Peer 1: 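Take a look at the following structure, please.
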Number of protein chains: 2
Amino acid sequence: MAQQTAHASVDARERVLSAAAELFAERGYHGTSVRDIAAACGLKPSSLYSHVPDKSTLLADLVMRYLGALEAALEASSADPGGGPSANRVEEMVRASVGVALRYPREFLCLSNSWTYIRRTPSLATLVARRDAVRAVWQRALREAAADGSLRADVDPESMLRVVFAATHGVVDRRYDEIAGPADEGDPAGVLAALLLDGFRPRGRAVSATVRAGTADAGAVRPGLAE
Amino acid sequence: MAQQTAHASVDARERVLSAAAELFAERGYHGTSVRDIAAACGLKPSSLYSHVPDKSTLLADLVMRYLGALEAALEASSADPGGGPSANRVEEMVRASVGVALRYPREFLCLSNSWTYIRRTPSLATLVARRDAVRAVWQRALREAAADGSLRADVDPESMLRVVFAATHGVVDRRYDEIAGPADEGDPAGVLAALLLDGFRPRGRAVSATVRAGTADAGAVRPGLAE
DNA sequence: GTCTATAATAGGATAGAC
DNA sequence: GTCTATCCTATTATAGAC
């Protein structure tokens, strides 16, 4: 009985977290009231405080879930590859990051869309520190790939990281669903990794608007997407 | 005298809009109070209402600026190119879109970061309609490029559009400045266009982690970035 | 744990003097 | 046009009964 009570309690807390995740992701932290969250899980606002100390801790708990999963996934994919080009590691990291973001889409958006609030709120400094650690892993991988020539040398790694972060957001954010449909069908992580690493153009085409289109190799099979 | 009064009035309204743009872009619409905006331009909250009817109209006016400029820029760059591959038009559109977003960064972020509020607010339906028109121009260009083979055929145009929109956001959003530094140095529009169209890898490299790296053409000169 | 009731504050907007 | 004063609502959070 005591166990069942405890179990029910965990479920209730989980429902609160889930409702908050949904609303924070959709309307943002400031666009969501405690009343909204309570209503979404069939409780009165005051009852929420039996499960969560306050609104900002609710946000922190959600973001921590995502960051924990991301750290674990990056630890695996950023491990030194067996001698191949570092760009392959970058590709694995893109897949891993997008995979985690798709498994925790609401939590990812909580972090991403409420970032300035998180950054400005001293009690959420832990989140900032952990995100910084993730960023450092990325920077190291991109710089190494730039150094060994497996990423193009004419664009700085920081610009690439900017694109990686933003594009990951783009895969997850439902705001873009009306453009592209739900992203979690097919293999969005693989699609994004292929687009970012190899670009929109078929291989063998001209590399800029100022150059005539080439003809060789256009439409070649792309094993990276077929796997 | 009457003219000077009118002129001062325009300036005051402009200061209000500018302060609001700054705060909406940084903290979001719901994260910014009318009091915040008033304080930022040295006014009392009630004085704002001499310049703007209400808070949501303030948002609408800002977003309209951006959308107007974007429509003009896309109209030019999406015009039919002279027989070259349609991907070149796409590249021009990326440059144009990023260029406008960099000229109106705060207004762009007002639209992007407050999108769900805009979408949910009936009085802002005009903004939604105009953004839809922009989206339609993009879809047409991407589909045409996919059809004539100048964009890779194994990724649907909608996924590419998703990446374009998200990456554009990434260039503008100051949130990423701590990763990559300010984006408005150098030629961010050209850099993004090159990254998206041609990818992170040097041309001639392997196209996926599952394939051994090639050796031909690595490090070739890229006129698209040197221009 | 959930409720009702209630603080205590923050927010959007208006009235009317100057 | 800007101000002070004010209204009304929404919001976060707590107190205490059940």
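When reading the values below, keep in mind they use all heavy atoms of this one structure, side chains included, and skip hydrogens, waters and symmetry mates. Sequence lines set the chain letters: A, B, ... in the order given, protein chains first and strands last, and positions in each chain run from 1. If you're wondering where the values come from, they're calculated on a predicted model, not measured in any experiment.
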Peer 1: Take atom CG of A:D36 and atom P of D:dT9, then tell me their distance rounded to the nearest Å.
Peer 2: 18 Å

Peer 1: Mind running side chain to side chain donor-acceptor pair (under 3.5 Å) on A:R89 and A:S150 for me, showing each step along the way?
Peer 2: CA-CA 10 Å; A:R89 175 166 63 183; A:S150 60; over 6 Å; no

Peer 1: Can you check the A:H51 NE2 to C:dG1 C1' distance for me, whole Å?
Peer 2: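 Between C1' of C:dG1 and NE2 of A:H51: 6 Å.
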
Peer 1: Classify the nucleic acid contact of A:S33 as base, sugar-phosphate or nothing, counting any heavy atom under 4.0 Å across all strands shown.
Peer 2: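 Result for A:S33 = sugar-phosphate.
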
Peer 1: Nearest-Å distance, CG (A:L48) to P (D:dT14)?
Peer 2: 12 Å

Peer 1: Could you pick out which residue, B:K55 or A:L43, lies toward the 5' side of DNA chain C when each is mapped onto its nearest nucleotide?
Peer 2: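 It is A:L43, whose closest nucleotide lies nearer the 5' terminus.
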
Peer 1: On the 0 to 90° scale, with breaks at 30° and 60°, tag the B:Y176-A:F165 ring pair as parallel, tilted or perpendicular.
Peer 2: perpendicular

Peer 1: Grab the CD1-P distance between B:I37 and C:dA10 for me, whole Å please.
Peer 2: 17 Å

Peer 1: Are B:Y29 and A:H30 near enough that their ring centres are under 6.0 Å apart?
Peer 2: no

Peer 1: Could you give the CZ-to-P distance, from A:R35 to D:dT11, as a whole number of Å?
Peer 2: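 Value for this atom pair: 7 Å.
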
Peer 1: Rounded to the nearest angstrom, tell me the gap between atom NZ in A:K44 and atom P in C:dT2.
Peer 2: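 In whole Å, C:dT2 P and A:K44 NZ are 13 Å from each other.
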
Peer 1: Using whole Å, what does the distance between atom P of nucleotide C:dA13 and atom CG of B:D54 come to?
Peer 2: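 Computing the B:D54:CG to C:dA13:P distance gives 5 Å.
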
Peer 1: Would you say D:dG1 has OP1 or OP2 under 4.0 Å from some side-chain N or O of B:S47?
Peer 2: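 So the side chain of B:S47 is outside the cut-off, no N or O lying under 4.0 Å from OP1 or OP2 of D:dG1.
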
Peer 1: Which part of the nucleic acid, if any, lies within contact of B:S56, taking any heavy atom under 4.0 Å across all strands shown: a base, the sugar-phosphate backbone alone, or nothing?
Peer 2: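 B:S56: no heavy atom of the nucleic acid under 4.0 Å.
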
Peer 1: May I ask you to establish whether A:R131 and A:W115 are in a cation-pi arrangement, using a distance under 6.0 Å from NZ or CZ to the six-membered ring centre and at most 45° from the ring axis?
Peer 2: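 Yes, A:R131 sits over the ring of A:W115.
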
Peer 1: Please state whether the base of D:dT2 and the side chain of B:S46 form at least one donor-acceptor pair under 3.5 Å?
Peer 2: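 No.
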
Peer 1: Would you mind reading off the distance between A:Y49 atom OH and C:dA8 atom C1', rounded to a whole angstrom?
Peer 2: 13 Å

